[in-house]
Amino acid sequence: MTESALLKNGIVLSLDKKVGNYLQADVLIEGSKIAAVGPNLKAESAEIIDASRMIVMPGFIDSHRHVWEGILRNIGTDVPLEGDASYLAFILNTLAPVYRPEDAYVGDLVGLYGAIDAGITTILDWSHIQAKREHGDAVIRALQESGIRAVFAYGYPWWKYPDENQDRWIREICKEYFSSKDQLLTFALASPGPEFLPFESAQSQWQLARDLDARITVHVGVGTAGKHGKLGEMGKAGLLKDDTTYIHCTTLSDIELQMIADTGGTVSLAAPVEMMMGHGMVPIQRCLDRGLRPSLSIDVETNVPNDMFTQMRSVIALQHALLFEKKLAGETNVPAPLTTRDLIEFATVEGARANGLAHKTGSLTPGKEADIILLRTDKPNIFPINDPIGAVVWGMDTSNVDSVFVAGKALKRDGKLLGVDLKRLEQRAYACRDYVVSKAGFKLPRI
Ligand SMILES: [Zn+2]
């Protein structure tokens, strides 16, 4: 018999317009799937889970993170993207090259358990740490062990390009781990893209992805590199399609952004990173003006926290600041402010779409996978709840994340992660961090 659980009497935000949202309702999980959403559901044999002091909603979805950097958390909070003392110089050119497979494995575990703890049920792991084939195996093992739903986006190592082995390893890994699409882990190709590669190399990577029937995820409009119209060249050659997620897009031209919209591409904004590290102005309004509803992404834990509350608040605050500034300057034709409903969708439904998983996750829709979080409403930071969506977007934080289910399986209950020895993981994180930092001859920031 399939195991079932009934989440009883919660405030239910299905984020599916057909299903609706409820101030009090139930969600029935059968096996890995959502069986029903509505008031007064009955299920005789189901385990009853009291959700009466909870908001029940789809898990958050991160559409781009370099998860291997987990052991480098907060190492670069005062460094920008570009320059002599920068993320590119320190993280990608100094620390990444000394990573062993086990450092990538532990870095990933740290990031993944942090994500689950924060209510993230799906993550795209933009994994450009594949110095050897074994790095890929190690990262995939971490993804599997964590129980999270993930897109493993195979990335070419930044510091050693070109490397003739890479395309072969990609094909091998695809065959070994991703012969089915009906599993928790799916595959995408993380391409450095036309701003960081010769046109022909970018083109051949995208072709490889399409040969493998894999989605493409690519950084574009990245600081100075994004200002030279390289994506436009790919667009003019007819290479932009609806199988691609474009990350940042900060310094793209309007014409390039329009190409993304016209070809059905999806966008991933990493607003806190873009603002603090100098990628360029977060293009939220330019996306909205073209009908592009973005997904959100944490990108690098070297600089920013691992939760989607920060993501949602950064984007809505910035968009409001820019438009109210226009209003105060006397402009009359200003865009509409984003609402909290927009942001909660960016952090869920749109993330699922960008990760190629909208048919499986992103909303509480019967038939979809049961990727569900319970957010406590009885904490002193949030009661009384007067507007549940507003409470999630502007009021809550990770301390409200009580329970996390992925494909119906509980990965966190009663505020505690399940199936992981955190003390041991912490020890391993420090050991790997120590190895990487000392091997690279890197000095940790002084206090
Ligand atoms: Zn990135």
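These numbers were taken from a predicted model, which means no experiment stands behind them. In listed order, ligands and their atoms are each counted from 1.
For the Zn ion (ligand 1), the count of nearby protein N/O/S atoms, taking only those under 2.8 Å, is 4.
A side-chain donor from one of Arg413 and Ser403 sits under 3.5 Å from a side-chain acceptor of the other. With 3.5 Å as the limit, one finds no donor-acceptor pair spanning the side chains of Gln311 and Asp307.
Ring-centre distance between Tyr177 and Phe152: not below the 6.0 Å cut-off.
Within a 6.0 Å sphere centred on CG of Asp421, other residues, nucleotides and ligands contribute more than 12 heavy atoms.
Arg293 forms no cation-pi arrangement with Phe346, by the criterion of a distance under 6.0 Å to the ring centre and an angle within 45° of the ring axis.
Looking at Glu256, its side chain never comes within 3.5 Å of a backbone N or O of Glu233 through a donor-acceptor pair.
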